[in-house]
Amino acid sequence: MEGSGKARRLPRCPYPSTPGGGSGKISLITRKIAWLIEGANYDPAKIIAVTFTNKAAREMAERTRKLVGSDTRGLTISTFHNLGLNIIRSEQKRLGLRGGFSILDSDDSRKLINELMQREGGDDDMADTVQHAISNLKNDMLSVEQALAMAKSPREMLIAQVYEGYERAKSAYNAVDFDDLILKPVQLFDQHRDALEKWQNRTRYLLVDEYQDTNLSQYRLVKMLAGVRAALTVVGDDDQSIYAWRGARPENLVQLQEDFPQLKVVALEQNYRSTQRILRAANAVIAHNPHVFEKKLWSDLAPGDPIRLVCCKDEQHEADRIAGEIVSQKARGGKWNDFAVLYRGNFQSRLIEEKLRERQVPYKVSGGQSFFARAEIKDLMAYLRLLANPDDDTAFLRVINVPRREIGPTTLEKLAQYAGTRHVSLATAAGELGLAEFLGGQYREKLHRFVHWLDDVRQRLAKLPAKQVLNEMLDELGYEAWLRSQSASPAAWQKRMDNVQSLLDSIHRMSEKEDDQGAKPDIGEVIAKLVLLDMLDQQEENDDSDRVQLMTLHAAKGLEFPQVWILAFEEEVLPHRNSIEANTIEEERRLLYVGITRARRQLTFTYAQKRKQYGEMNSCTPSRFVAELPAADIVREGDGTTASAEQKTQSRDAALAALDALFKK
DNA sequence: GAAACTCCAGTTTTT
DNA sequence: CTGGAGTTTC
């Protein structure tokens, strides 16, 4: 799927290469699966393919289904986290988890950590950093004990202490976080040989996508599942490793060769996506990084247009020029979809959006708020979690006053005190009679009513269809009215109701779907899968509207566009200032490499001479990477040589577009 | 309980 | 300069 890659494989795989996109890494995996099933007679139920994102998993599953004529029943194509969830589920008792355990998303984790830090007396704005640090510790497979023993500075000590409290809280809440979904299976396999053997038997062949993005715990999981048989294929591209900052270890690609010497390395160097000039630029740039695997992309396609390097006066001029050119090039044919504008940071989309709006150009910004970050979805999910898992205090606290139930902080504090002495969860404590010693009549009554109502919904859920019960639940809550009171406009209210409805629809669909044994999942399973699902992705998939694509360089990985613009090709932006300071220029270069290889036909860099930042004008220096591009394939514009004619057209176009916009209003 | 005010930071992000 | 979060105020 990407610009290039490395693959390891067993016997020869006779399925034809399917050009289309990069050098065909996904295609290699799907063909390999097809060959395993049809050529080597593997049982599909014993093949597992893992990816990082739901989107990639979906694409892989779809393409495999198209390729394989015979039955693929039981074939597992899923994300690392989903696979981890299934492993945990198969052994949850041994992992100390009770049925219906909750999965905390990063928001829930951060909130929990924040609370713990207040107890430990740390600064409040540190929660983010600490969350990150704890996640790193976990991905590096360091236990609480190790973290406590290793801590040298007071800062590390604080982190280790919060880590301890965090793990304890999670186990009291009967909850796991995202990192646990990988970590717990590894720990399970470490401690229980039989569980490991069971899963190794279940994994006669393992395939892994984007291997350069694996972290230590994911790497260990792969190694364990593959076992000594080493029946595995992995694809990856060390030059596209752009997530080191969140724990990815591209060196896993090298390590693999040492762990499994029998693996064969296959370099995928032919690229089916980009013109020769674009690939020359990509090769030239990345040649400045040190390499373990040498490779050079080449193409059968035409040399193509030169790569343009456009100098602009300032950021306004830059955005205006890009928007203007997109409009005039679209006029010559093609679709808005063919254009992508890539940038280093999300905030950089604003100006471009403005200029595109001025010209009435439809556009789509990727990134931003995920479906599950929305308040109404978080509310509903918290209710669902609490229904599946009464011990989930995080969920309890979120919904206790949504909608308003007039239960104040003092009441909750007393409830927490009582729950603490009895070592039970908040919801359990709220239902107990002993609470009377702590809390007077009317307050206790409100809590009682709430938990009894929850119990009642829970019972209905066990007997009746989920969709019906949940609709009743929302009615009984008066949730619609509450959302209206919380929404700024009728339109916003409608949007939120639509979101709620689409969540209910997904739940309905998922709870009706039978597994291979013909059994329907219970509500706890459905919720667990939902937390791991990005519904925004799915909505996007169905969204075939024709719009210019705006996204960060990171978000563009794995995608391709006929025409690509890369903004603000300047020092301190690309490479980013922090990366210059942190001396991680190589990763910035890879980010640029990813950006370049997104383009199929045309690639344009822009930079500004000066730029308004934090309210003041600063002059900018073109990126050091400019010097790494092959001079023969570059044309410069706007730096005094060819500018004027083009610029006049640009400003005339802009004026006309503005007039046009006025008329339409 | 919402408006007004102050203060602060300001890459990248999936699950 | 901006937007968001958190705090104060009526």
Side-chain angles (χ1 to χ4, degrees), chain A residues 50-57 78-85 88 103-110 114 123-129 131-132 135-136 138-139 176-184 209-210 213-215 217-218 221 240-248 315 342-351 354 366-373 401 404 406 408 485-486 488 528-537 551-558 567-568 570 572-582 584 587-588 590-592 594-595 611-618:
Chain A
V50 277
T51 65
F52 279 86
T53 64
N54 290 303
K55 201 175 162 193
S78 81
T79 60
F80 265 104
H81 295 265
N82 232 316
L83 176 66
L85 175 63
I88 290 174
I103 300 172
L104 306 183
D105 67 19
S106 358
D107 254 23
D108 301 318
S109 297
R110 206 198 37 247
N114 207 355
D123 282 334
D124 34 325
D125 62 317
M126 268 179 70
D128 252 5
T129 331
Q131 181 186 25
H132 197 173
S135 178
N136 281 342
K138 296 180 73 163
N139 287 331
V176 298
D177 65 16
F178 283 145
D179 299 325
D180 290 329
L181 291 175
I182 313 294
L183 202 61
K184 289 205 182 279
D209 182 33
E210 302 275 26
D213 286 343
T214 51
N215 60 33
S217 57
Q218 286 159 339
L221 185 61
Q240 293 198 50
S241 163
I242 53 175
Y243 288 113
W245 52 274
R246 65 176 198 214
E315 79 283 356
L342 310 182
Y343 34 79
R344 179 65 232 250
N346 279 310
F347 69 96
Q348 291 174 291
S349 71
R350 246 193 251 143
L351 250 188
E354 204 176 286
S366 302
Q369 214 186 22
S370 122
F371 186 82
F372 286 98
N401 270 317
R404 285 273 121 74
E406 251 102 48
S485 75
Q486 295 299 106
K529 297 276 179 207
L530 265 176
V531 180
L532 298 180
L533 239 181
D534 200 337
M535 299 217 287
L536 206 64
D537 263 12
M551 68 189 80
T552 63
L553 287 157
H554 282 91
K557 185 164 151 222
L567 284 195
E570 293 150 23
E572 316 240 296
V573 180
L574 182 65
H576 193 272
R577 181 211 294 237
N578 296 357
S579 301
I580 298 173
E581 276 164 25
T584 52
E587 182 144 313
E588 296 290 293
R590 290 192 290 265
L591 191 56
L592 171 61
V594 167
R611 189 177 287 281
K612 202 183 216 173
Q613 285 167 319
Y614 313 137
E616 55 185 329
M617 272 295 189
N618 290 319

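In what follows, every heavy atom counts, from backbone to side chain, and hydrogens, waters and symmetry copies are set aside. Reminder, nothing fancy here: chain letters follow the sequence lines and each chain counts from 1.
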For atom [atom1] of [X] and atom [atom2] of [N], their distance in whole Å:
X: A/W245; N: B/dT14; atom1: CH2; atom2: C1'; answer: 9 Å
X: A/Q613; N: C/dC1; atom1: CD; atom2: P; answer: 15 Å
X: A/L592; N: B/dT12; atom1: CG; atom2: P; answer: 17 Å
X: A/H81; N: B/dT14; atom1: NE2; atom2: P; answer: 11 Å
X: A/H132; N: B/dT12; atom1: NE2; atom2: C1'; answer: 11 Å
X: A/L221; N: B/dT15; atom1: CG; atom2: C1'; answer: 14 Å
X: A/L181; N: B/dT15; atom1: CG; atom2: P; answer: 12 Å
X: A/F347; N: C/dG4; atom1: CZ; atom2: P; answer: 15 Å

- Show the numbers, then the answer: is there a side chain to side chain contact (heavy atoms under 4.5 Å, CB included) between A/V50 and A/T79? CA-CA 5 Å; A/V50 277; A/T79 60; over 6 Å; no

- Item | Exam field: side chain A/T53 to backbone A/A56, donor-acceptor pair closer than 3.5 Å | yes

- Could you tell me whether A/R246 and A/D213 make a salt bridge, using a distance below 4.0 angstrom between a side-chain N and a carboxylate O? no

Under 4.0 Å, counting only non-hydrogen atoms across every strand here, what does [X] touch: a base, just sugar-phosphate, or nothing?
X: A/F80; value: nothing
X: A/R350; value: sugar-phosphate
X: A/F52; value: sugar-phosphate
X: A/E588; value: base

- Query: DNA chain B in dot-bracket, Watson-Crick or G-U pairs under 3.5 Å, [ ] crossing, | other strand?
  - Reply: ||||||||||.....

Please check the phosphate of [N] (OP1 and OP2 only) for any side-chain N or O of [X] closer than 4.0 Å.
X: A/N215; N: B/dT14; answer: no
X: A/N54; N: B/dT15; answer: yes
X: A/N346; N: B/dT11; answer: no
X: A/S106; N: B/dT14; answer: no

- Message: Could you tell me how far B/dT11 sits from C/dG4 if I compare only their P atoms? Round to whole Å.
- Response: 15 Å

- Please state the P separation for the pair C/dG3 and B/dT12 - nearest whole angstrom. 16 Å

- Test A/S109 against A/D177 for side chain to side chain donor-acceptor pair (under 3.5 Å), laying out the working first. CA-CA 7 Å; A/S109 297; A/D177 65 16; 4.7 Å; no

- Please figure out whether A/H576 or A/F178 has its closest DNA chain B nucleotide nearer the 5' end. A/H576

- Query: If you find the nucleotide of DNA chain B closest to A/L591 and the one closest to A/R404, which residue's nucleotide is nearer the 5' end?
  - Reply: A/R404

- Task: Check every atom of B/dT13, B/dT12, B/dT15 against the side chain of A/R246 and return the nucleotide holding the closest atom.
- Result: B/dT13

- Task: Specify whether A/W245 and A/H554 have parallel, tilted or perpendicular ring planes, treating 30° as the upper limit for parallel and 60° as the lower limit for perpendicular.
- Result: perpendicular

- Reference residue A/F80; test side-chain contact (heavy atoms from CB on, under 4.5 Å); the match among A/L85, A/D209, A/L181, A/T214: A/T214

- Query: In terms of base orientation, is B/dT6 syn or anti, with the syn window spanning 90° either side of 0?
  - Reply: anti

